[in-house]
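Remarks on the structure that follows.
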Amino acid sequence: MPPKPNTKETKILMSELMLLCEWGECSHQFNNMEEFLSHMSQHLIGHHYEVGRDDPNTDGEFPCEWRECNTMVQGRRTDFLRHAYFHCFHVKIKNIGEQMIRKMGLRGCLLENQSRNLIPELPERLQCGWNMCETIIDNPEIFYRHVDNHSETFPEGNNLEHGARCEWEGCETVAKNKYKLREHLRSHTQEKVIACPTCGGLFSSRTKFVDHVKRQAGVECKCMCI
DNA sequence: GACTCTGTTGGT
DNA sequence: ACCAACAGAGT
């Protein structure tokens, strides 16, 4: 059935992603994450890495060459990779934010955009806490997909008789169904779903992001400020 | 059936 | 004021 004529076309389409690489002088564009990530891996091969000197298990300093990042990653090479690949994930969710602004006819946020490519503090490592899993993946996009996949162990449908029990270490949550579990799992991974293309801020839901944009654009402030 | 949005709550 | 988490409703 075709979409209803009067519904707002605010659906975010992954097929409309425009992913721009901002590594060093690079400005390649991609429309899917697979190609973008594999492109990024080419930038990272051998980047400040010498066998025998920069041992993967010893600490070092890794300057990130992503434009307007200017971060010196202190730690192991694996910490640097996690940082570098987070830029790719950040590009993706910022692009989702851009689509959102466009499709809802909003004005962008008015904060300074010097922070647009700054990435937040990440966990020391991205390790899956699902029972008996313990998988560690240094690429946030791939890590989040991995965790998400654990929800596939539950049957389809919205009304499961026994629900979908989270098996994350120490978690007792029983979600209503596997879709709720997917949502819940993001609270364990701190995965964000959307980011502001202007200031770079990350948000856990689309409504939070829309609130942010409206607030920053000064549109109809609902609070008692002044 | 597979998401997606919205309102409430509770913590900082 | 801000935000994460959740339940339940809506598409």
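Numbered from 1 within each chain, the chains take letters A, B, ... in sequence-line order. These numbers come from the heavy atoms of this one structure, side chains and all, not from hydrogens, waters or symmetry mates.
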Once you round it to whole Å, what is the distance between C1' of C/dC3 and CZ of A/R206? 19 Å

Rounded to the nearest angstrom, tell me the gap between atom CD in A/Q190 and atom P in C/dC3. 16 Å

Quick one: CZ on A/R116 to SG on A/C196, what's the gap to the nearest 0.5 Å? 11.5 Å

Taking atom P of B/dT4 as reference, at what distance in whole Å does atom CE of A/M100 sit? 11 Å

Please list, in numerical order, the residues of residues 151-180 of chain A that have a heavy atom closer than 4.0 Å to any atom of DNA chain C. A/K176, A/K180

For A/N158 and A/K178, which I'm curious about, is there any donor-acceptor pair between the side chains at under 3.5 Å? no

How many whole angstroms separate atom CZ of A/F209 from atom C1' of B/dT4? 17 Å

Between A/F203 (CZ) and C/dC2 (C1'), how many Å, whole number? 11 Å

Remember a base hit wins even if backbone is also touched, and classify A/T207 as base, sugar-phosphate or nothing at under 4.0 Å, heavy atoms. base

Filter on side-chain hydrogen bond (donor to acceptor under 3.5 Å, both in side chains), then keep only pairs touching residues 190-202 of chain A, sequence neighbours left out; what's left? none

How long is the line joining NE2 of A/H184 and P of B/dC3, in whole Å? 18 Å

Geometric class of the A/W130/A/H150 ring pair [parallel <30°, tilted 30-60°, perpendicular >60°]: parallel

Side-chain N or O of A/S187 closer than 4.0 Å to phosphate OP1/OP2 of C/dA4: no

Rounded to whole Å, how long is the line connecting atom NZ of A/K208 with atom P of B/dT4? 16 Å

Whole angstroms only, please: what is the CZ-P distance between A/R186 and C/dC3? 18 Å

Taking distance alone, no hydrogens or angles, what donor-acceptor pairs closer than 3.5 Å link side-chain atoms of residues 24-32 of chain A to residues at least two apart or in another chain?
from, atom 1, to, atom 2, distance (Å)
A/N32, OD1, A/E34, N, 3.1
A/N32, OD1, A/E35, N, 2.9
A/N32, ND2, A/E35, OE2, 3.3

Is there a side-chain contact between A/I137 and A/R145 in this structure, where contact means two heavy atoms from C-beta onward sitting under 4.5 Å apart? no

